[in-house]
K.L.:
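Sharing a structure, written as structure tokens. Questions coming.
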Amino acid sequence: MFSDFQPLAAIATTPHGARRLQAIAALEEPCWVPASVSLANTQTYTGALKDHVAALWPHQRSFVFCLAVGAVVRLIAPLLRDKATDPAVVVVDEAGQYVISLCGGHQGGGDRLAQALARQLGATPILTGASNYWGLPGADVLGQPFGWGRGPGDWTGVSSAIARQARVQVIQQAGSTLWQAHLPEGHGLELVSAPGSAAEGDAPEARLRITAAAPTPADRPEAWWHPRVLWVGVGCERGTPRSLIEQAVSQTCAEHGLAEGAIAGLATLDLKADEVGLVELSRDRPWPLRCFSAEELRGVPVPTPSEVVAAEVGTPSVAEAAALVAARQAQAWLPDLPEPQLRVTKQIVRAEGVLGAVTVAIAESALEMTGRRGQLWLVGTGPGSLDQITPAAQTAITQADVVIGYSLYVDLVRPLLRTGQIVEALPITQEKQRAQRAIALAQWGLTVAVISSGDCGIYGMAGLVLEELRAGGWDGQTPRVQVFPGVTALQAAASRVGAPLMHDFCAISLSDLLTPWPVIEKRLGAAAAADFVTALYNPRSRTRTDQIVQAQQIFLAHRSPETPVALVQSAYRPEERVTLTTLGQMLEQTIDMLTVVLIGNSSGRTYEGWFITPRGYLGFDPDQVS
């Protein structure tokens, strides 16, 4: 969860401060302490702390100090250079009550790191940026989740205008607009899809441009994001040097007003996969090389096919066709996007005195390449109360680019959500759609938290997501999957009534939407006959009312009507309701889909309002067991 902040240096000057930082799961290296502090699992420095911090500074992406804020300010002040390159600096107080984002809050990721660490420690994050107050993502970090290239511009001027709630126009001509749908109400930004529209001519105070076009001079504060949507198709003669290929790409972009920062990658014929100049250029620039067979390229309609090329390599087009195929593959993760278009038809570039020639064409994908390895975090949120969610699960929800879940569960975790997140809440019957959407976004390169109440692996979304991945031919590696357990419903219900699960138990869902009723009926009979304490999930809905009646009859065939039963509705939520009753009388109480029914075994008893299942520590009474 903390890979974005590594390498991370943690520094404390007291044993208590070091222990506080050692509780943080983000640390991959032991905490730094002075040589005078003797503490296990730490690394020591000698000399002045300011010299040690100065030596670490160029090599770290982030710092976490357990020190007074004033002391940290004095330590880092001489080292600060530019907010685009300075590391994130976060300060934790020794009491573990506050986590302060001190420096590098936006571009360095300090705000996100502070929020994540606060979840780990159960502390309050302190974020002082104006964008946090307005609930807006920072202008200078808006494109980070999507891998956008940050272009030139007056970033301070644009950010200042947003902070003042001045009129700021956002002109997006390239890349996904998914982020726009998740801005807060009343965000105040003017969203424009194309220059020259009526709104653009109204002289805003500042502009933020999201485009593949090269920057142009501006008469007001403007800043440029470049989504990586351009796929450069390349054909070249054997032995063409890297310098000429790079010149051809740069020259073509410049002549057509395109930003090199918007290039997603290079594409060519598979016969060129070992072309030294292409391989070197792909290695030295952030431009992955995609290679396609002549068969794949031959069927692509292009504006300037060549019979000569077809006779030589088996396809009438290399540069144009490869650019289009690469752009099409880049947007395969999300459906219903417009077909890629050629922005530049093939251009032939030569240089006097240089061996070889280069053919270049450029296609634009409707979806940017993030350049990130996607992740799927399958998160159990427990019974619903925030204090029942594990720190790791809370951190995952706060850190994710996207949070997906049933709308009720999303509402329960809203205090954990952060500015700029994409949050998609879907109805209760759309579990499969949730899983497929999460997988698609993760395959694109985002980090997606799929939330389930209780434990995500017990009647939750984890199994469905993994099934969908398997059906799609998942390689087990990309996207990366991590499961965060939660307190499941039967545990939450049990905690409200005592210790009913102290002996062997099982859980059975009475919902027959996915499991045939005869199978459920068979399992009920086996559990009842085996004397398991049994938790019944999904016992009754508005349209499904008979299953709980049949379940009672099955258990009454094996157990006394006086067997204790607990009915726990909405455990740990404001509407919680707990009822202790008996197997014979349980249907006289209110039972719905939010109720967990706990049926005791033959030795279960109630005592002073508590439900107890003896484990046998005080001796075994054969009269209590049928």
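Every value quoted in this text rests on a predicted model; they were computed, and no experiment measured them. Residue numbers count from 1 along this sequence.
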K.L.:
Hey, what do you get for CD (Q6) to OG (S62), rounding to the nearest 0.5 Å?
P.N.:
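If I round to the nearest 0.5 Å, the distance is 6.5 Å.
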K.L.:
I would like to know whether F505 and L490 meet side chain to side chain contact (heavy atoms under 4.5 Å, CB included); could you show each step before the answer?
P.N.:
CA-CA 10 Å; F505 62 89; L490 68 88; 3.9 Å; yes
K.L.:
Which heavy atom in A442 sits nearest to a heavy atom in P479, and how many Å separate them?
P.N.:
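The answer is CB-CB, 3.8 Å.
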K.L.:
Can we say R112 and D4 salt-bridge, meaning some charged N sits less than 4.0 Å from an Asp/Glu carboxylate O?
P.N.:
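So R112 pairs with D4 through a salt bridge.
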K.L.:
To the nearest 0.5 Å, tell me how far L446 CG sits from I422 CD1.
P.N.:
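Reported to 0.5 Å precision, the distance equals 6.0 Å.
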K.L.:
Short question: side chain of T613, backbone of P500 - any donor-acceptor pair under 3.5 Å?
P.N.:
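Present.
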K.L.:
Determine the minimum heavy-atom distance between P227 and G175, stating which atoms define it.
P.N.:
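Result for this residue pair: CB-CA, 3.9 Å.
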K.L.:
Could you check whether the rings of Y537 and Y459 sit parallel, tilted or perpendicular, using 30° and 60° as the cut-offs?
P.N.:
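Taking Y459 first and then Y537, their aromatic rings sit tilted (interplane angle of 30° to 60°).
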K.L.:
So, do R372 and D401 sit near enough that their side-chain heavy atoms are less than 4.5 Å apart?
P.N.:
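They are in contact (side-chain heavy atoms under 4.5 Å apart), so the answer is yes.
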K.L.:
Would L378 and I451 satisfy side chain to side chain contact (heavy atoms under 4.5 Å, CB included), going step by step from the backbone distance to the final call?
P.N.:
CA-CA 6 Å; L378 309 177; I451 62 172; over 6 Å; no
K.L.:
Using atom types as modelled and distance alone, determine if a side-chain donor or acceptor of E368 lies under 3.5 Å from a backbone N or O of S176.
P.N.:
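Flag set: sc E368 to bb S176 pair under 3.5 Å.
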K.L.:
First locate atom OG1 of T563, then atom CE of M586, and finally report the distance between them rounded to the nearest 0.5 Å.
P.N.:
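Interatomic distance, T563 OG1 to M586 CE, rounded to 0.5 Å: 11.0 Å.
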K.L.:
With distance as the sole criterion, is a donor-acceptor pair present between the side chains of E562 and T582 under 3.5 Å?
P.N.:
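No.
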K.L.:
Sub-3.5 Å donor-acceptor pair from the side chain of Q22 to the main-chain atoms of A40, do we have one?
P.N.:
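Side chain of Q22 to backbone of A40, a donor-acceptor pair under 3.5 Å: yes, one is there.
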K.L.:
Is there a side-chain contact between L510 and D512 (heavy atoms, below 4.5 Å)?
P.N.:
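Heavy-atom side-chain distance check fails, nothing below 4.5 Å.
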K.L.:
Just do the side chain to side chain contact (heavy atoms under 4.5 Å, CB included) check on V99 and V91 with the steps written out, would you?
P.N.:
CA-CA 6 Å; V99 181; V91 181; over 6 Å; no
K.L.:
Quick check for you: to the nearest 0.5 Å, what is the distance between I548 atom CD1 and Q553 atom CD?
P.N.:
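If I round to the nearest 0.5 Å, the distance is 11.0 Å.
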K.L.:
Step through the shown structure and confirm whether more than 12 heavy atoms of other residues, nucleotides or ligands are within 6.0 Å of CH2 on W474.
P.N.:
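Counting neighbours around CH2 of W474, more than 12 heavy atoms of other residues, nucleotides or ligands fall under 6.0 Å, so yes.
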K.L.:
Under 3.5 Å, side chain of Q394 to main-chain N/O of L386, donor-acceptor pair present?
P.N.:
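It does hold such a pair.
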K.L.:
Under the ring pair (Phe, Tyr, Trp, His ring centres under 6.0 Å) rule, collect the residues that match up with F146, sequence neighbours excluded.
P.N.:
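W148, W444.
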K.L.:
Can you check side chain to side chain donor-acceptor pair (under 3.5 Å) on T398 and Q115, steps first, answer last?
P.N.:
CA-CA 7 Å; T398 298; Q115 289 174 295; over 6 Å; no
K.L.:
Are more than 12 heavy atoms, taken from residues, nucleotides or ligands other than R373, located less than 6.0 Å from that residue's CZ atom?
P.N.:
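Counting other residues, nucleotides and ligands, CZ of R373 exceeds 12 neighbours.
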K.L.:
Is a donor on one side and an acceptor on the other found under 3.5 Å between the side chain of R544 and the backbone of N538?
P.N.:
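Answer holds: yes.
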K.L.:
Have Y409 and S453 got a donor and an acceptor in their side chains that come within less than 3.5 Å?
P.N.:
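Yes, side-chain donor-acceptor contact under 3.5 Å.
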K.L.:
Please check if atom CG in D387 has more than 12 non-hydrogen atoms from other residues, nucleotides or ligands closer than 6.0 Å.
P.N.:
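Enclosed: over 12 neighbouring heavy atoms sit under 6.0 Å from CG of D387.
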K.L.:
Can any side-chain N or O of H182 pair as donor or acceptor with the backbone N or O of V423 at less than 3.5 Å?
P.N.:
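Indeed, once roles are kept as given, a pair shorter than 3.5 Å links the two residues.
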K.L.:
Nearest 0.5 Å please: distance from the CE atom of M593 over to the OG atom of S570.
P.N.:
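Rounded to the nearest 0.5 Å, the CE-OG separation comes out at 12.0 Å.
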K.L.:
Going by distance alone, is a donor N or O of one side chain under 3.5 Å from an acceptor N or O of the other, for T579 and Q589?
P.N.:
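No, because no side-chain N or O of T579 sits under 3.5 Å from a partner of the opposite role on Q589.
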K.L.:
Checking W610 against V497 for the side chain to side chain contact (heavy atoms under 4.5 Å, CB included) test, could you report, in this order, the C-alpha distance in whole Å, the side-chain angles of both residues, the deciding distance, and whether it holds?
P.N.:
CA-CA 6 Å; W610 294 95; V497 296; 5.8 Å; no
K.L.:
Looking only at heavy atoms, what is the nearest atom pair of N601 and R559, with distance?
P.N.:
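Taking every non-hydrogen atom into account, CA-NH1, 3.7 Å.
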K.L.:
Taking side chain to side chain contact (heavy atoms under 4.5 Å, CB included) as the criterion, tell me which of R542, Q569, R577 meets it with D592.
P.N.:
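Of R542, Q569, R577, side chain to side chain contact (heavy atoms under 4.5 Å, CB included) with D592 is met by Q569 alone.
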K.L.:
Can you check whether A139's main-chain N or O pairs, donor with acceptor, with W225's side chain at less than 3.5 Å?
P.N.:
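Here the side-chain-to-backbone pair exists.
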K.L.:
Is the closest side-chain heavy-atom distance between I520 and Q547 below 4.5 Å?
P.N.:
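Not touching, per the 4.5 Å side-chain cut-off.
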K.L.:
Side chains of Q550 and W517: do they bring a donor and an acceptor to under 3.5 Å?
P.N.:
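There is such a pair between these side chains.
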K.L.:
Between R573 and E576, is there a side-chain N and carboxylate O pair less than 4.0 Å apart?
P.N.:
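E576 and R573: not salt-bridged.
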K.L.:
Please name the pair of heavy atoms, one in A88 and one in G109, separated by the smallest distance, quoted to 0.1 Å.
P.N.:
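Closest heavy-atom pair between A88 and G109: CB-C, 4.1 Å.
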K.L.:
For residues F611 and P564, report the shortest heavy-atom separation together with the two atoms involved.
P.N.:
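Where F611 meets P564 most closely, the heavy atoms are CZ-O, 3.6 Å.
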K.L.:
Hey, what do you get for OG (S407) to CG (L412), rounding to the nearest 0.5 Å?
P.N.:
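Rounded to the nearest 0.5 Å, the OG-CG separation comes out at 10.0 Å.
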K.L.:
If you compare all heavy atoms of R540 against all heavy atoms of T545, which two are closest, and at what distance to 0.1 Å?
P.N.:
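Heavy atoms of R540 and T545 come nearest at NE-O, 3.9 Å.
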K.L.:
For the pair E94 and T14, evaluate side chain to side chain donor-acceptor pair (under 3.5 Å) and give the outcome as yes or no after the intermediate values.
P.N.:
CA-CA 9 Å; E94 286 213 11; T14 68; 2.7 Å; yes
K.L.:
Just to verify, what does T534 make a side chain to side chain donor-acceptor pair (under 3.5 Å) with, not counting sequence neighbours?
P.N.:
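Once residues adjacent in sequence are excluded, T534 has no partner under the side chain to side chain donor-acceptor pair (under 3.5 Å) criterion.
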K.L.:
Closer than 3.5 angstrom, by distance alone: can the side chain of R119 be matched with the main-chain N or O of P391 as a donor-acceptor pair?
P.N.:
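Flag not set: sc R119 to bb P391 has no pair under 3.5 Å.
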